Asker: 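What follows is a structure written as structure tokens; I'll ask about it next.
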Amino acid sequence: MLRLYNTDGRKVQPFVPLEPGRARLYTCGPTVYNFAHIGNLRTYVFEDILKRVLRRCGYQARHVMNITDVGHLTSDGDVGEDKMEVGAARERKTVWEIRDFFTAAFMADAKDLRLDPPDTTCRATDHIAEQIAMVRELESKGIAYPLADGLYFDTAKFPGYGRMAGLDPEGLMAGARVEVAEGKRNITDFCLWKLTAPGVKRLMEWDSPWGRGFPGWHIECSAMARKFLGDNFDIHCGGIDHVRVHHTNEIAQTEALTGKKWVNWWMHGEFLLLDEGKMSKSSGTFLTLSALKERGYDPLAYRLFLMNAHYRKPLVFSFEALEGAQRALQRLRGRAHKLAAAAGAAPHPGYLQRFDAALEDDLNAPQALAQTWELLHDESVPPAQKVATLASMDEVLQLDVFRTESEKPEPGAGAGMTQNPMVGVLQMSEESLREKIRQLLEQRTEARQAHDFARADALRAEITALGVDIKDSPTGTTWTRRRGHR
RNA sequence: GGCGGCAUCGCCAAGUGGCCAAGGCAAUGGUUUGCAAAACCAUCAUCCCCCGGUUCGAAUCCGGGUGCCGCCUCCA
């Protein structure tokens, strides 16, 4: 039985879909004005596991994800710069080029992490009409009011405002750092449609009944989720930071309009932290998946690192921990590879059952993973049965456990990314470096065959100095680039 | 200032009343290897931040303390 934590109510409860056998799911997607950082990616991995577990439990999942490509502002509804425009200026490109570039970058990361693509991916700018229609409805119901810079949602008109987030409007009032925008009726009111200031030409703006401008940030998810999933659906996910403002406002505007409960389950992924604190785009302190790849890490090692912790617990990122995950992944694959020849058995019921039970208990991936390791270490389980069990587990884990060494990305691929001028050897071209290693290895093999081990060891030292580790095996010597070099 | 979360082996991290606490990484011992590396096997917390309490029994509940983090501003 699948049990999931619901932010709305703050407890784990049995999952009951609206329609038997089906689960409708909306996940807040990326804002495409910059690369996704690995913290952003943590949330998408959590959602991917959720989706795969839903399927495993027999539900047909219908998944919708938005792409936020409307600028919005770096601050609240009144001040700040347009993020898309900032990104465009930085890269000297048009906002549309920026949008396409970072959307593609996100898709590439998603593919690297083996995230199952949504059934529907929808862009905010492709649904301006739907957003305007929704705002008009709100206006006609008297829930919106105009200010000089746009149309605002009157949160006082929605009695349940902030229920899911556990907000206390009084408490917010007392908050020292909250500034009330000019003319807002309530501190929590937010912009539904933002007007372009007179005399300003924005790169992204549209005509509307209220004048030229752009939609408020929250309305896009409400409008698109409603369009694709209806006035009531099962699960809505996002990062923990969305609870307070974004999702609170989405609920307010949608339920104020329909007069009924919108989403049954709200699920939120916790943050990935750095030692120094939160990873943030605005402060520039963030790591991308590409950066990890350049350092020689397998994206799936990052996936494993994430699955080693529960999605509702803050997780501190460190290269030490990622290194551990990479090693673990290599060993996992090594074992799986050795077993792979055996086939024709059914999965081991015990391990598989415990694995599934862990996942069905609010996606306890760490505990599920423990079953995977115990299975591998269990001498009493025949190889063929292990293979079948592993294959089934990997449907959720997506660690590509049967991948063999030779299929690994070539070490050092992506030449010319980050060369360290302090180490002269790295300045030699990739080609000549490989050639040099090849020659040294050949000489060492000869020396070993001649039992001239002193010479063989000297040659190995020389090779090691190039940032390469070598492995002797009955079938020959192989080498891999040491991480940190290159 | 207000709200919320977390503190478990060197590192990461499950476990939320009852077999003297999963799993991964590291470490140590061993097998293997010309030596290494890799791989494999074994070992590795009577103890869960501190103090007090509840209970037959607590890492798990309650009170107090200390420390760390997040939110209240765009943010996954």
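Predicted model only: the values in this text are computed from it and were never measured. In the text below, chain A, chain B and the rest are named by the order of the sequence lines, each starting its count at 1.
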Asker: Distance check needed: B/A76 C1' versus A/His236 NE2, whole Å only.
Answerer: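 One finds 12 Å between C1' of B/A76 and NE2 of A/His236, rounded.
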Asker: Tell me: OH of A/Tyr311 to C1' of B/G5, nearest whole Å?
Answerer: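 About 15 Å, once rounded to whole Å.
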Asker: Between A/Arg327 and B/A26, does any side-chain N or O lie under 4.0 Å from OP1 or OP2?
Answerer: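 Result: yes.
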Asker: Please tabulate, one pair per line, each protein N/O and nucleotide N/O from nucleotides 31-34 of chain B that are separated by under 3.5 Å, including the distance.
Answerer:
from, atom 1, to, atom 2, distance (Å)
B/G34, O6, A/Arg448, NE, 3.3
B/G34, N1, A/Asp457, OD1, 3.0
B/G34, N2, A/Asp457, OD1, 3.4
B/G34, N2, A/Asp457, OD2, 2.8

Asker: Closest heavy-atom contact between A/Ala336 and A/Leu390?
Answerer: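 That would be CB-CD1, 3.9 Å.
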Asker: Using whole Å, what does the distance between atom P of nucleotide B/G23 and atom CG of A/Leu369 come to?
Answerer: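 Taking CG of A/Leu369 and P of B/G23, I get 12 Å after rounding.
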Asker: Give the rounded distance in Å between these two atoms: CE of A/Met307 and C1' of B/A14.
Answerer: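 Whole-Å distance recorded here is 15 Å.
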Asker: Under the rule for side chain to side chain contact (heavy atoms under 4.5 Å, CB included), what residues qualify as partners of A/Ala370, not counting sequence neighbours?
Answerer: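 None.
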Asker: Using modelled atom types and a 3.5 Å cut-off, is there a donor and acceptor pairing between side-chain atoms of A/Thr7 and backbone atoms of A/Arg10?
Answerer: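 Between the backbone of A/Arg10 and the side chain of A/Thr7 there is no qualifying donor-acceptor contact (under 3.5 Å).
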Asker: Return the pairing partner of B/G18 with a 3.5 Å limit on both distances, Watson-Crick or G-U wobble; otherwise return none.
Answerer: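 Pairing partner, where one exists within any strand: B/C56.
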Asker: Quick test of your reading of the model: are A/Glu442 and A/Arg438 salt-bridged, counting only N-O distances below 4.0 Å?
Answerer: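 A/Arg438 and A/Glu442: salt-bridged.
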Asker: Using the closest heavy atom to pick a nucleotide of RNA chain B for each, name whichever of A/Gly324 or A/Gly239 lands nearer the 5' end.
Answerer: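 Its nucleotide being nearer the 5' end, the pick is A/Gly324.
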Asker: Could you check whether A/Leu304 gets within reach of a base, just the sugar-phosphate, or nothing at all, counting any heavy atom under 4.0 Å?
Answerer: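 No contact.
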Asker: Rounding to an integer number of angstrom, what distance separates B/U32 and B/C50 when you compare their C1' atoms?
Answerer: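 So the two C1' atoms sit 48 Å from each other.
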Asker: When the C1' atoms of B/G57 and B/U73 are compared, how many Å lie between them, rounded to an integer?
Answerer: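 Comparing C1' positions in B/U73 and B/G57 gives a spacing of 49 Å.
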Asker: Quick one: list whatever passes side chain to side chain contact (heavy atoms under 4.5 Å, CB included) with A/Thr121, sequence neighbours left out.
Answerer: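 Here the qualifying residues are A/Met65, A/Ile67, A/Met107, A/Pro118.
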Asker: Closest-nucleotide mapping onto RNA chain B: is A/Phe271 or A/Ala328 further toward the 5' terminus? I mean the 5' end.
Answerer: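 Checking each residue's closest nucleotide, the 5'-ward one belongs to A/Ala328.
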Asker: Closest to the A/Leu273 side chain: B/C25, B/C69, B/G2?
Answerer: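 Ranking B/C25, B/C69, B/G2 by closest atom to the A/Leu273 side chain puts B/C69 first.
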Asker: Under a 3.5 Å limit for both distances, which nucleotide forms a Watson-Crick or G-U wobble pair with B/U66, could you say?
Answerer: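 B/A7 is the nucleotide pairing with B/U66.
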Asker: What heavy-atom pair brings A/Gly29 and A/Tyr44 nearest, and what distance separates the two atoms?
Answerer: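 Heavy atoms only, the tightest pair is C-OH, 3.1 Å.
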Asker: Output the residues of residues 356-367 of chain A in contact with RNA chain B, where contact means a heavy atom of the residue under 4.0 Å from an atom of the strand; sort by number or write none.
Answerer: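 Hits under 4.0 Å, by residue number: A/Asn364, A/Pro366, A/Gln367.
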Asker: For A/Asn66 and A/Cys28, which heavy atoms make the closest approach, and how far apart are they?
Answerer: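 What the structure gives for the nearest pair is OD1-CA, 3.3 Å.
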Asker: C1' atom, B/G17 versus B/U55: distance in rounded Å?
Answerer: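 The answer is 9 Å between these two C1' atoms.
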Asker: Quick one: is A/Lys313 getting a side-chain N or O under 4.0 Å of the B/A14 phosphate, OP1 or OP2?
Answerer: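 Answer is yes, contact under 4.0 Å.
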Asker: Measuring from the side chain of A/Val245 (C-beta onward, heavy atoms only), which nucleotide among B/G70, B/C74, B/A13 has the closest atom?
Answerer: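 Nucleotide nearest to A/Val245's side chain: B/C74.
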Asker: For A/Tyr5, give me all partners under side chain to side chain donor-acceptor pair (under 3.5 Å), at least two apart in sequence or on another chain.
Answerer: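 A/Tyr5: no side chain to side chain donor-acceptor pair (under 3.5 Å) contacts found.
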Asker: Quick check with a 6.0 Å cut-off and a 45 degree axis cone: is A/Arg354 positioned over the face of A/Tyr351's six-membered ring?
Answerer: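 Judged by the rule, A/Arg354 and A/Tyr351 form a cation-pi pair.
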Asker: Going by purine N1 to pyrimidine N3 plus the second Watson-Crick contact, or the G-U wobble pair, all under 3.5 Å, which nucleotide sits opposite B/C71?
Answerer: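 The base-pairing partner of B/C71, which may sit in any strand shown, is B/G2.
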Asker: For a ring-ring contact (aromatic ring centres under 6.0 Å, His included) with A/Trp266, tell me which candidate from A/His247, A/His242, A/His246 qualifies.
Answerer: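 Considering A/His247, A/His242, A/His246, a ring-ring contact (aromatic ring centres under 6.0 Å, His included) with A/Trp266 is found only for A/His247.
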Asker: Provide the distance between the two P atoms, one in B/A22 and one in B/A59, to the nearest whole Å.
Answerer: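 Each nucleotide's P atom is 14 Å from the other's.
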Asker: Separation of A/Glu320 atom CD from B/C25 atom P, in whole Å?
Answerer: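 So the CD-P distance, A/Glu320 to B/C25, works out to 13 Å.
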Asker: By the definition salt bridge (charged side-chain N to carboxylate O under 4.0 Å, His left out), identify the one residue from A/Arg312, A/Arg3, A/Lys313 that meets it with A/Asp362.
Answerer: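 When A/Arg312, A/Arg3, A/Lys313 are each tested with A/Asp362, the salt bridge (charged side-chain N to carboxylate O under 4.0 Å, His left out) holds only for A/Arg312.
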Asker: Regarding A/His310, tell me which of base, sugar-phosphate or nothing describes its non-hydrogen contacts under 4.0 Å with the strands shown.
Answerer: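 Sugar-phosphate contact only - A/His310 comes under 4.0 Å of backbone atoms but never of a base.
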Asker: Is it true that A/Lys293 and A/Asp112 make a salt bridge, defined as a side-chain N closer than 4.0 Å to a carboxylate O?
Answerer: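 Salt bridge between A/Lys293 and A/Asp112, a charged N being under 4.0 Å from a carboxylate O: yes.
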Asker: Between B/U28 and B/A38, how far is it from one P atom to the other, in whole Å?
Answerer: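 B/U28 and B/A38 have their P atoms separated by 12 Å.
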Asker: Can you check the A/Leu315 CG to B/U8 P distance for me, whole Å?
Answerer: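 So the two atoms are 14 Å apart, to the nearest Å.
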Asker: Both distances below 3.5 Å, Watson-Crick or wobble geometry, any strand: find the nucleotide opposite B/U46.
Answerer: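 Answer to the pairing question: none, since B/U46 forms no Watson-Crick or G-U pair.
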Asker: Using atom P of each nucleotide, how far apart are B/G63 and B/G5 to the nearest Å?
Answerer: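 Taking atom P in both B/G63 and B/G5, they lie 13 Å apart.
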Asker: With rounding to the closest Å, how many angstrom separate the C1' atoms on B/U8 and B/A58?
Answerer: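 These two C1' atoms come out 14 Å apart once rounded.
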Asker: Do the side chains of A/Asp472 and A/Arg448 get close enough for a salt bridge, i.e. N-O under 4.0 angstrom?
Answerer: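 Salt bridge between A/Asp472 and A/Arg448, a charged N being under 4.0 Å from a carboxylate O: yes.
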Asker: Under 4.0 Å, heavy atom to any atom of RNA chain B: which of residues 376-384 of chain A qualify?
Answerer: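 Those residues are A/His377.
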Asker: Given B/A13, B/A39, B/G23, identify the nucleotide with an atom nearest to the side chain of A/Lys338.
Answerer: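 Closest nucleotide among those given: B/A39.
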Asker: Between A/Asp48 and A/Arg114 (salt bridge meaning N to carboxylate O under 4.0 Å), is one present in this structure?
Answerer: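 Between A/Arg114 and A/Asp48 there is no salt bridge, as every charged N stays at least 4.0 Å from the carboxylate O atoms.
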Asker: May I ask you to say what A/Glu374 touches in the nucleic acid, namely base, sugar-phosphate or nothing, with a heavy-atom cut-off under 4.0 Å?
Answerer: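 Here A/Glu374 touches the backbone only, sparing every base.
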Asker: Answer yes or no: does a side-chain N or O of A/Thr31 lie under 4.0 Å from OP1 or OP2 of B/C74?
Answerer: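 False: A/Thr31 side-chain N/O out of range (4.0 Å or more) of B/C74 OP1/OP2.
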Asker: Would you indicate what A/Gly238 reaches in the nucleic acid, counting non-hydrogen atoms under 4.0 angstrom: base, sugar-phosphate, or nothing?
Answerer: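 Contact class for A/Gly238: sugar-phosphate only.
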Asker: Please report the distance, rounded to the nearest Å, between CG in A/Leu459 and P in B/C35.
Answerer: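 Those two atoms, CG and P, are 18 Å apart.
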Asker: Can you check the distance between B/A7 and B/U31, where both ends of the measurement are the C1' atom (answer in whole Å)?
Answerer: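 It comes out at 40 Å once rounded to the nearest Å.
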Asker: OP1 or OP2 of B/G23 sitting under 4.0 Å from any side-chain N/O of A/Arg331?
Answerer: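 Checking B/G23 against A/Arg331, no side-chain N or O comes under 4.0 Å of OP1 or OP2.
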Asker: Partner of B/G29 by Watson-Crick or G-U wobble geometry, both contacts under 3.5 Å, or none?
Answerer: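 Base-paired to B/C41.
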Asker: Does any nucleotide pair with B/C35 by Watson-Crick or G-U wobble geometry, both distances under 3.5 Å, and what is it?
Answerer: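 Its partner: none found.
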Asker: In whole angstroms, how far is the P atom of B/A76 from the CD1 atom of A/Ile67?
Answerer: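 The distance from CD1 of A/Ile67 to P of B/A76 comes to 12 Å, rounded to the nearest Å.
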Asker: Working note: A/Asn249 + A/Tyr161, criterion side chain to side chain donor-acceptor pair (under 3.5 Å); need CA distance, chi angles, decisive distance, verdict.
Answerer: CA-CA 8 Å; A/Asn249 292 345; A/Tyr161 187 81; 2.5 Å; yes
